[in-house]
Number of protein chains: 2
Amino acid sequence: MSNLKVLPLLEPEAPEAVVPCCPPLTERPFTAEEAERTARMFKALGDPVRLRLFSAVASHAGGEACVCDISDVGVSQPTVSHHLKKLREAGLLTSERRGTWVYYRVEPSVVAALGKMLGNLG
Amino acid sequence: MSNLKVLPLLEPEAPEAVVPCCPPLTERPFTAEEAERTARMFKALGDPVRLRLFSAVASHAGGEACVCDISDVGVSQPTVSHHLKKLREAGLLTSERRGTWVYYRVEPSVVAALGKMLGNLG
DNA sequence: CTTGAGGTTCGACATATGTCTATGTTGACA
DNA sequence: TGTCAACATAGACATATGTCGAACCTCAAG
């Protein structure tokens with residue numbers, strides 16, 4: 001009974017159709033469903049530690065960073081892991097294991113959609 | 001003892017220097033202080049009901065809406081009031097009483113800053 | 001001054017969230 | 001095979017959050 005396991009890869013969360021996202025905020029009132037999907041992303045960015053982690057990944061050379069590169073945010077390592085998981089589940093980050101390290105990068109399409117949704121207000 | 005009160009106007013919250021906001025997310029990792037300030041706004045938009053209220057104000061004719069115009073979001077009226085207060089405290093909305101009604105409008109500078117912060121990622 | 005409508009505040013409550021320590025899992029290397 | 005380093009998961013706990021009904025405040029109109 002050695003390898004019954006079926007590839008317990010990272011991100012088994014299934015980002016639940018997160019991509020199309022949202023109309024501009026000024027176009028019309030959001031429906032309940034649109035608000036539910038969109039709020040999930042804002043909520044993910046609504047924690048200071050997560051925002052620092054996200055910014056650290058987004059600004060890191062090469063567009064990606066391993067956890068060890070960005071873990072210096074003042075909380076324990078399991079807490080960092082927990083927040084990165086939340087960002088993944090919100091569809092804002094993706095992760096990939098290479099050797100000992102796990103690399104995170106931002107999901108560009110989703111973030112661009114968020115920006116567009118807010119940008120038309122200025 | 002009739003009018004000892006000193007103008008109990010709306011918004012006694014003092015938006016605590018919310019305006020300058022934030023560098024682009026890709027420029028460099030956020031400091032703890034930047035993250036704290038910015039996360040407050042994202043957090044405010046991270047609830048479905050609040051996002052619907054915000055979108056309703058942002059998309060309303062004339063750039064403003066009274067509470068009665070946007071209260072149909074499936075929660076009680078006190079809850080609507082509570083969420084609008086959160087959006088005010090986050091610096092995203094301003095309010096003004098005119099006669100019987102209270103009108104809300106979006107704070108354009110803050111929202112534009114948020115959009116810019118996200119936009120450079122696409 | 002009384003009444004009623006539009007909004008806010010209060011107090012209570014259940015649930016969600018952020019954090020930790022302890023423990024697992026995975027891969028590299030001896 | 002054993003060990004170590006990098007991350008993830010599990011469980012526990014205190015606090016924050018969203019929600020409601022009830023009570024309060026403001027204004028306008030009798």
Side-chain angles (χ1 to χ4, degrees), chain A residues 2-13 32 35-36 39-40 42-54 57 64-90 93-104, chain B residues 2-13 32 35-36 39-40 42-54 57 64-90 93-104:
Chain A
S2 53
N3 51 358
L4 283 171
K5 291 184 284 188
V6 192
L7 284 184
L9 290 172
L10 283 179
E11 53 210 334
E13 295 97 14
E36 204 83 40
R40 220 172 295 157
F42 282 125
K43 186 181 226 170
L45 295 175
D47 176 87
V49 173
R50 278 198 296 271
L51 196 51
R52 290 185 74 184
L53 290 171
F54 185 81
V57 172
E64 67 179 12
C66 81
V67 180
C68 58
D69 287 328
I70 58 178
S71 291
D72 197 19
V73 287
V75 295
S76 69
Q77 185 270 323
T79 300
V80 168
S81 193
H82 168 251
H83 283 307
L84 288 173
K85 182 179 185 177
K86 289 291 197 81
L87 288 166
R88 255 186 297 143
E89 290 173 344
L93 293 182
T94 60
S95 65
E96 179 194 357
R97 169 160 221 149
R98 292 206 293 278
T100 306
W101 296 276
V102 177
Y103 291 87
Y104 282 79
Chain B
S2 51
N3 52 356
L4 282 173
K5 289 185 285 189
V6 191
L7 284 184
L9 292 172
L10 284 179
E11 53 209 334
E13 294 98 15
E36 204 84 41
R40 221 171 293 156
F42 281 126
K43 187 182 225 171
L45 295 175
D47 176 87
V49 172
R50 279 199 293 272
L51 196 51
R52 289 185 73 184
L53 290 171
F54 185 81
V57 171
E64 65 179 12
C66 82
V67 179
C68 58
D69 287 328
I70 59 179
S71 290
D72 197 20
V73 287
V75 295
S76 70
Q77 193 273 327
T79 301
V80 168
S81 192
H82 170 250
H83 282 308
L84 288 172
K85 182 178 186 178
K86 288 292 197 81
L87 288 165
R88 254 188 298 144
E89 290 173 345
L93 293 182
T94 59
S95 66
E96 179 194 359
R97 170 160 221 152
R98 290 207 295 277
T100 305
W101 295 276
V102 176
Y103 291 86
Y104 282 81

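Predicted model only: the values in this text are computed from it and were never measured. Sequence lines set the chain letters: A, B, ... in the order given, protein chains first and strands last, and positions in each chain run from 1.
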Distance check: side-chain N/O of B/His82 vs OP1/OP2 of D/dT17, anything under 4.0 Å? no
Which nucleotide sits closest to the side chain of B/Thr100: D/dA28, D/dA16, C/dG7? D/dA28
Rounded to whole Å, CG of A/Leu87 lies from P of C/dT17 at a distance of 14 Å
Are the side chain of A/Arg50 and the backbone of A/Ala44 linked by a donor-acceptor contact shorter than 3.5 Å? yes
Could you give the CD-to-P distance, from B/Glu96 to D/dT26, as a whole number of Å? 17 Å
A/Phe54 backbone acceptor or donor facing A/Arg52 side chain under 3.5 Å: no
Whole angstrom value for the distance that separates P of D/dG18 from CG of B/Leu45: 12 Å
Check every atom of C/dA16, C/dC20, C/dG7 against the side chain of B/Trp101 and return the nucleotide holding the closest atom. C/dG7
B/Tyr104 atom OH is separated from C/dG6 atom C1', nearest whole Å, by 12 Å
In short, A/Tyr104 meets A/Ser95 closest at the heavy-atom pair CE2-CB, 3.6 Å
Between C/dA16 atom C1' and A/Asp47 atom CG, what is the distance in whole Å? 13 Å
Taking 4.0 Å as the cut-off, does a side-chain nitrogen or oxygen of B/Arg50 come that near to OP1 or OP2 on D/dG18? yes
Report yes if some heavy atom in the side chain of B/Leu84 is under 4.5 Å from a heavy atom in the side chain of B/Val102; otherwise report no. no
Out of B/Val67, B/Leu93, B/Val80, which residue meets the side chain to side chain contact (heavy atoms under 4.5 Å, CB included) rule with B/Leu53? B/Val80
Given D/dT19, D/dT9, C/dT17, identify the nucleotide with an atom nearest to the side chain of A/Lys86. C/dT17
Separation of atom CZ in A/Arg52 from atom P in C/dG18, rounded to whole Å: 16 Å
Excluding sequence neighbours, so at least two apart, what forms side-chain contact (heavy atoms from CB on, under 4.5 Å) with A/Thr79? A/Val75, A/Ser76, A/His83
Specify the separation, in whole Å, of atom CD of B/Glu89 and atom P of D/dT17. 10 Å
Can you check whether B/Thr79 has a side-chain N or O nearer than 4.0 Å to OP1 or OP2 of D/dC20? yes
Report yes or no: does B/Arg97 contribute a side-chain atom to a donor-acceptor pair with the main-chain N or O of B/Gly99 at less than 3.5 Å? yes
Any side-chain N or O of B/Lys85 under 4.0 Å from OP1/OP2 of C/dG7? no
Does a side-chain N or O from A/Tyr103 land closer than 4.0 Å to OP1 or OP2 of D/dC7, or not? no
Is there a side-chain polar atom (N or O) of B/Lys43 under 4.0 Å from OP1 or OP2 of D/dT17? yes
Let's see if you get this right: which residues in residues 65-78 of chain B place a heavy atom under 4.0 Å from DNA chain D? B/Val75, B/Ser76, B/Pro78
Within this structure, what is the CZ-to-P distance between A/Arg97 and C/dT25, rounded to whole angstrom? 13 Å
